[in-house]
Amino acid sequence: MKNVASVIVDVPAMQTDRAYDYLVPEEWLGSILPGMRVVVPFGPRKIQGFVMELKEKGEVSKLKAISEPMDLVPVLNEELLSLGNWLTDKTLCFKISAFQAMLPAAMKAKYEKFFRLEEMTRLDELPDPLPDLFRKNSEISWKAAQEAGILPLIQKQVKQGKVDVIYKVKARAKKKTVRKILPAFNRDQLEGILESLPPQASKQKEVLRYVSDASNEGAPLLVKQVIENAGTTASTIKTLVNKGLLVEKEEEVYRDPFEDRLFEQTSPLPLTEQQSQAIKPIVDVIDQNLHRTFLLYGVTGSGKTEIYLQSIQRVLEEGKEAIVLVPEISLTPQMVHRFKGRFGDDVAVLHSGLSVGEKYDEWRKIQRKEVKVVVGARSAIFAPFENIGIIIIDEEHETSYKQEENPRYHARDVAVQRAETHKCPVILGSATPSLETFARASKGVYQLLTLSKRMNDGDLPHVSVVDMREELRNGNRSMFSQELFDKLQTRLEKGEQTVLFLNRRGHSSFIMCRDCGFVVQCPNCDISLTYHRFSNGMKCHYCGYEEAVPNTCPECTSEHIRYFGTGTQKVEEELTKLLPGARIIRMDVDTTSRKGSHEKLLTAFGEGKADILLGTQMIAKGLDFPNITLVGVLSADTMLHLPDFRAAEKTFQLLTQVSGRAGRHTLPGEVVVQTYTPEHYSIELAAEHDYDRFYLQEMAMRKMGAYPPFYYITMITMSHEDLMKVVAIAEKLSAFVRSRLSESTIILGPAASPIPRIKNRYRYQCLIKYKREPNLTPTLKTVLDQFQQQYASGGLTISIDVNPYMMM
DNA sequence: GGTTTATCTTCA
DNA sequence: GAAGATAAACCG
């Protein structure tokens, strides 16, 4: 009899990163299955866990029993369970983190502690104010006790055995319900009932008539609607329920994030010659149930989405499911429209803009097989489908597909892994593929499909690169070059729209003293504080530290201290000064933080309510309005100087992407790129729309620097409050790693991180570059093991990032 | 991660 | 020698 469950418990720590065995109580035998969440006793408390497998015998002799199951059916199927193990191996994360990453946040448990009277304890034994409190409630929450300042008092009672501590696991997920009512009689009885009611109860009679009439077939009616349609109130209905004439019931509903939106149904569009060529191999692979990865390399506007849609159509016809990943989808409502438009209610949407509850509901639609297609951001790659027929990753090169916290996975790798098990194709789509992907396509590891023509046969916009040093020499000190300014003005006159694009990184507005050059820095992190006009304060992006803007320089007491840099707010100010008539929409963290505001601003712009859209990289995506004929990039090279070997690649991708926003329809588009380094190949070649040459040039650079795709890299970052300690540990750690890895492997460092201190912790890093290193994972595991003690006691943290995208 | 248990400090 | 602080061990 398999009545022992091995369980991964919700304690993300090295020591607990293994399965614990529990007895399955008789009453749950057969209903507790692998992949379910359960509540288990762990030490003195109760926590959540995932059942891995059922077996006959436990590892130790006496086992505790599972307290209760948290699910009716498994939330992780067999495939996802083994995918979790794979993820753990690949990213060196805790098992529990891997499983939690695969589920919506709503399913992560919350814990709370309570005090309860021991059975034998009488109230008068306790000191004030405990008797009163326990008289009111049989349980006092830990938090409440703490807030009331009586925590030490209660804990004393606990020690004396008079009060007990109990631990509760709370499910975060709440299913949304609506109240509905049903008549408790059938239609023939209605007249009799109406007569039996007192004559003055006219409202009640009206409601009964309405309900009896409206609920044919005995379908329950929404209370809300009855109130509206019968012109009554909640209390009338309540009275009728109390009289037993109506039956009330709660019914579960999905929160619908797209409730009041209509999606116009679309049908497959005829494909161009190139599109048909590209889709053929995909369809072949679908028909043959094969796994293969395709790179769909198509210039902006070449119709990649239609290929996605028709491939999915094929997959659905075969009775299978599809996963579509898009970068931070809340930014591309247009994409949602296209999928909902084609596949209607078969589509679930998972993106960061949804509330926890909404995400949970969308996830359950997938789990219950109520949808066939999921469109979502990174984590949607874990959608619990069981019969996947295709996985599509749009804008494959986007770095948001890499999760920057544990488990540090890349959705692309997970996609390929899942597609292998499901024997289905993966399609990576991009106009500017990542070097890694394009290199694989060139080598034939991926199959390359090319779309070189724009669908409307339009030309790519003309890009002119403006040397800002030249502008400066000519005495133009503003942030707009003469050329950009002239073109802006022409657009305004013609009533056409402009998008102005500002690189945020490295140019956020900091506070600097004009006399001595002093920059206000965060006291906890080695980074300058960012000015926020909203609160007239300065904020640290890393630790959240905030302080008011000083009136005088703390260094030299000069009064010429003010904010610098080209924040979007500042650009907006200058724009209104230079072009007083222009209507501007600004999109940045400040104006888009509220839910739905992003879409609202975009819609307003699309409806022509503004002449200029000004924003950070968030506007680079999914912007597709016919009236945009000018795109301006204010400073193309800010990103170029970051300490990141992908800086050139990112610059190229970004410039290509923004330029693609201009002239997508009948009106021709123009792009102006302002830069201080016009000779840089990433800027030059982006202006020429020449990805192929950029690829060759950048590959040469990567080869020289021994970077991906020629080498794999893994980054180890150590941090500690004590600078000397972290230096010592870093030395020891890298020496150890060096001793265990092969000769051909390059180990850089240890060296201080580009941001040497965050939240008062000093950071050192070590970069490992390797071509083939079978010993790497075991070595890293040993590292984690060996430094565990200091990890636990000395406040050391080690983070390992296999294939990092953030080098800071 | 939280809790209990073992070990070390500190101070009368 | 007890109370308090800190490190180590364990959780089935």
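Hydrogens, waters and symmetry mates are skipped; everything else that's a heavy atom, side chains included, is used. Small disclaimer: the values here were computed from a predicted structure and weren't measured. We name chains A, B, ... by the order of the sequence lines, and we start the count at 1 in each one.
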Check nucleotides 1-4 of chain B against the protein and report each pair of N or O atoms closer than 3.5 Å, with its distance, or say if there are none.
{"from": "B/dG1", "atom 1": "N2", "to": "A/Arg45", "atom 2": "NH2", "distance (Å)": "2.5"}
{"from": "B/dG1", "atom 1": "N3", "to": "A/Arg45", "atom 2": "NH2", "distance (Å)": "2.8"}
{"from": "B/dG2", "atom 1": "O4'", "to": "A/Arg45", "atom 2": "NH1", "distance (Å)": "3.4"}
{"from": "B/dT3", "atom 1": "OP1", "to": "A/Lys113", "atom 2": "NZ", "distance (Å)": "3.3"}
{"from": "B/dT3", "atom 1": "OP1", "to": "A/Tyr167", "atom 2": "OH", "distance (Å)": "3.1"}
{"from": "B/dT3", "atom 1": "OP2", "to": "A/Lys113", "atom 2": "NZ", "distance (Å)": "3.3"}

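Following rounding to the nearest Å, A/Lys46 (NZ) and C/dC11 (P) show an atom-to-atom distance of 19 Å. When the P atom of C/dA3 is taken as reference, atom NZ of A/Lys159 falls 10 Å away, rounded to whole Å. Per the geometry, CG belonging to A/Asp17 stands 18 Å off P belonging to C/dC10, to the nearest Å.
Scored by the side chain to side chain contact (heavy atoms under 4.5 Å, CB included) test, A/Tyr762 finds A/Leu723, A/Val726, A/Arg757 as partners (sequence neighbours excluded).
Distance check: A/His410 NE2 to A/Gln403 CD gives 11.5 Å after rounding to the nearest 0.5 Å.
Aromatic ring centroids of A/Tyr20 and A/Phe42 lie under 6.0 Å apart. For A/Phe115 and A/Trp142, the gap between ring centers is short of 6.0 Å.
Under the 3.5 Å distance criterion, with hydrogens and angles disregarded, a donor-acceptor pair is assigned to the side chains of A/Glu547 and A/Tyr545.
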